[in-house]
Amino acid sequence: MGLEAKLGESIFTTKLDALINWGRSNSLWPMPMGISCCAIEMMAAVGPKYDMSRFGSEVLRFSPRQADVMLVAGTLTYKMAPVVRRVYDQMMEPKWVIAMGTCLCTGGMFDSYPVVQGLDKVLPVDVYIPGCPPRPEAVIQALLKLQQTVRKDRGTRPVSRAAEPMKVTVPEVRTPIKRQSSETIILNMGPQHPSTHGVLRLILEIDGETVIQCVPEIGYLHRGFEKIAENKRYHQFIPYTDRLDYLAPLSNNVSYAMAVEKLLDIELPKRGQYIRVIACELARISAHLLSLGTYALDVGAGTVFFHTFDEREKIYVLIEKLTGHRFTTSYTRVGGVARDASADDIKHAYRRLARKYHPDVSKEPGAEEQFKAVNEAYEALRDPQKRAAYDQLRARGYRPGEEFRPPPDFGRGGPGAPDFDFEEIFGGAGGGGGGFSDFFEGLFGRRGRGPDAAQPRGPQPPRDTRAKLAVPLQAVHDGGSVRVNVNGRQLDVRVPKGVKPAQVIRLAGQGTYGGNLLLEVEYAPHPQFEVDGRNIIHVLSVTPWQAALGATLSVPTLGGAVELKVPADSDTGRKLRLRGRGLPGTPPGDQIVELEITAPRAETEEQRKAYAKLAKAFDA
């Protein structure tokens, strides 16, 4: 400190090793060894959205002489292993290795004869990135971890690991070509080359700039799909189809599923066909963008690469929302697509159908029965435990109308899946007039008893039973009673005015073996209102002229219809407040009316002329 104080603030002192490590850690130059699927996400990490250059890795070098980090991404086969090792040996010291993807960590899903079960069998690995494939964020995190490792190194005296032997026996790299002239030279192109992208090797004999002969050498990415498929069921093999041609994984899913469907004579529902077509189109566009970007990169046009990958990220946002994954989605199923609608998707579908079939609005025949069915389905699918029960029934092969006999392990979700109480969900209490057990019985028939479900003998101790109670908003506002079905018995439950979600109502003696029935309150969905705390939200449709000129409209509330003045020059999304018209409380909530401008359909010639006149007036 004394020396630094004398030299001034512009000079600091440190150790030479620390200074060298600081420089190295902030200027790591990766050599991309992209050998299969993970290489696509490795390229995305370099793209404009994630911009790995922010962390000092500005340039990817395909030459081992210009790089100090080997970033291996993909599946390592025995044929590719000696190539990877040879390129590593040609890198200058000090050098580090990142293994990207589950295949390079452990072999992953490819426990097959051509695949090396982990990169550490061939190279010393510094950082592992799990995932199949890992996201670009994981690549950047691995780079940051490697920087921490480099800063702890010995600086001027790095310890070389190049002499560490391989832990497996790999074949020799052969050169299957015979020179036709002593005046020519043999040039090896690939498999690690910008223009062959990790899976193809070309051995060239050239005379100046003239290619005399070219011998292709294939098999560097042979992963044994055909043998793996022999030991998988049709659905189990779907994740492997993503990785057959990873430029458009969704299209591979669909092609494989179509072959199985043709074999089994399965006809797809229309909705499944539409989703597949849209998803395959997104995958096709994404694949073309990737090809265009990498081809441009091969001829030195790096800017094109960044533009195409920026557009691909927009497609990835849509694919991830649809399937839950950016890249290798495994989304298709034999007979359709995965049942993976999000909570928001289910909610939006419910609101649309509830408005369509609400008895006060719909004039369609059977609307009341349809409305009841929509409510029961929503009650089943909005609750994670009930949805898990439904999915287990479908996965076990039960179909509508069949008698359901629960197997001994029913309700145990397995690793990572939620468990649930079968008695409580299937035959227990349900809210909203009929409950969840009625929904199950309507789908799968009356419940039969499984072979191991004998009645217990002798007196049993009382046991509390927990269930959800879906309370209609009108009952929350007015107070009253809600009828529930408890193991075939109808009970009227008194609901206090202004009851809150998660509040528990206790019914003494109505549980299992004389125990208590504990009903946890939740608000039943309403076709016209949403709840935000104590406030009620209602979307009010207004015509363009009502929004522009102002109008006084009738608005439904839980306490009855009221008049609301819509100000002139209102836009969609404008919110108006009806004070005290929300749920009871201290203080009571308000009703928020959100305007939504909708244009009526022109059904007559006079109405079409009016729209044309309106358009002409605004164009002028």
Side-chain angles (χ1 to χ4, degrees), residues 28-47 50 52-53 57 59-64 66-77 79-88 90-91 95-105 108 110 115-116 118-119 122-123 125 127-136 138-140 142-143 146 188-202 218-223 242-249 286-287 289-298 302 305-306 308-309 312 326-328:
L28 294 171
W29 281 20
M31 202 212 72
M33 196 80 186
I35 51 180
S36 63
C37 329
C38 291
I40 308 300
E41 289 291 64
M42 176 186 68
M43 288 189 283
V46 183
Y50 299 98
M52 199 166 71
S53 64
S57 299
V59 183
L60 299 183
R61 291 301 187 192
F62 284 89
S63 168
Q66 298 177 338
D68 49 12
V69 177
M70 176 179 275
L71 179 50
V72 189
T75 307
L76 183 66
T77 64
K79 186 166 185 175
M80 191 69 181
V83 177
V84 174
R85 179 68 194 212
R86 177 177 292 185
V87 175
Y88 171 80
Q90 292 174 356
M91 293 174 64
K95 53 190 175 185
W96 300 271
V97 176
I98 296 177
M100 180 181 176
T102 302
C103 291
L104 293 177
C105 294
F110 293 100
V115 175
V116 179
L119 181 63
V122 177
L123 300 179
V125 178
V127 181
Y128 295 90
I129 313 177
C132 190
R135 295 176 62 93
V139 181
I140 294 175
L143 183 66
L146 183 59
N188 187 75
M189 182 176 175
Q192 177 55 27
H193 186 279
S195 298
T196 56
H197 300 291
V199 296
L200 173 66
R201 180 188 179 201
L202 301 175
I218 62 175
Y220 287 95
L221 192 54
H222 176 60
R223 294 186 274 185
D242 284 288
R243 292 144 178 93
L244 279 166
D245 176 11
Y246 36 82
L247 296 191
S286 174
L289 286 170
L290 187 144
S291 299
L292 178 62
T294 52
Y295 291 156
L297 192 64
D298 292 343
F305 169 83
F306 287 115
T308 56
F309 266 72
R312 291 182 79 249
R326 286 167 47 91
F327 188 40
T328 46

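Atoms OG1 and CZ, from Thr77 and Arg223 in turn, are 9.5 Å apart once rounded to the nearest 0.5 Å. Considering CD1 of Ile35 and CG of Leu119, their distance stands at 7.5 Å, rounded to 0.5 Å. In this structure, the separation between CG on Leu290 and OH on Tyr246 is 10.0 Å, given to the nearest 0.5 Å. Between the CE atom in Met189 and the CG atom in Leu200 there is a gap of 8.0 Å [rounded to 0.5 Å]. Here the straight-line distance linking atom CZ of Arg326 with atom CD1 of Ile40 works out to 11.5 Å at 0.5 Å rounding. Between atom CZ of residue Phe309 and atom CG of residue Leu292 there is a gap of 10.5 Å, rounded to the nearest 0.5 Å.
Met80 has its side chain out of reach of Leu221: every pair of non-hydrogen atoms, C-beta onward, lies at least 4.5 Å apart. The shortest distance between side-chain heavy atoms of Ser291 and Leu247 falls below 4.5 Å. Side chains of Met70 and Val84 form a contact here, defined as non-hydrogen atoms less than 4.5 Å apart. Counting heavy atoms from C-beta outward, Thr294 and Met43 have side chains that approach closer than 4.5 Å. In this structure, the side chains of Val139 and Leu71 come closer than 4.5 Å at one or more pairs of heavy atoms. For the pair His222 and Lys79, the minimum side-chain heavy-atom distance is 4.5 Å or more.
Closest heavy-atom contact between Leu104 and Ala73: CD1-N, 3.9 Å. Heavy atoms only, all atoms of each residue included: Gly34 and Ala39 are closest at CA-CB, 3.6 Å. Closest non-hydrogen pair, Ile140 versus Tyr50, comes out as CD1-O, 3.7 Å. The minimum heavy-atom distance between Pro64 and Gln90, with the atom names listed, is CG-OE1, 3.5 Å. Tyr220 and Arg201 make their closest contact through OH-CD, 3.0 Å (heavy atoms, listed as atom of the first residue, atom of the second, distance). The heavy-atom pair separating Pro32 from Met42 by the smallest distance is CB-CE, 3.5 Å.
When atom types are taken as modelled, the side chain of Ser57 and the backbone of Leu28 share a donor-acceptor pair closer than 3.5 angstrom.
The neighbour count for Ile218 CD1, taken as heavy atoms of other residues, nucleotides or ligands under 6.0 Å away, does not exceed 12.
Listed by chain and residue number, nothing satisfies the salt bridge (Lys or Arg N to Asp or Glu O under 4.0 Å) test with Arg61 (two or more places apart in sequence, or in another chain). Take Lys95 and apply the side chain to side chain contact (heavy atoms under 4.5 Å, CB included) test, not counting sequence neighbours, and it matches Tyr88, Met91, Glu93, Ala162. For the salt bridge (Lys or Arg N to Asp or Glu O under 4.0 Å) test, residues two or more places apart in sequence or in another chain that qualify with Arg135 are Glu137, Glu320.
Arg243 and Ser36 share no donor-acceptor pair across their side chains, judged by distance under 3.5 Å alone.
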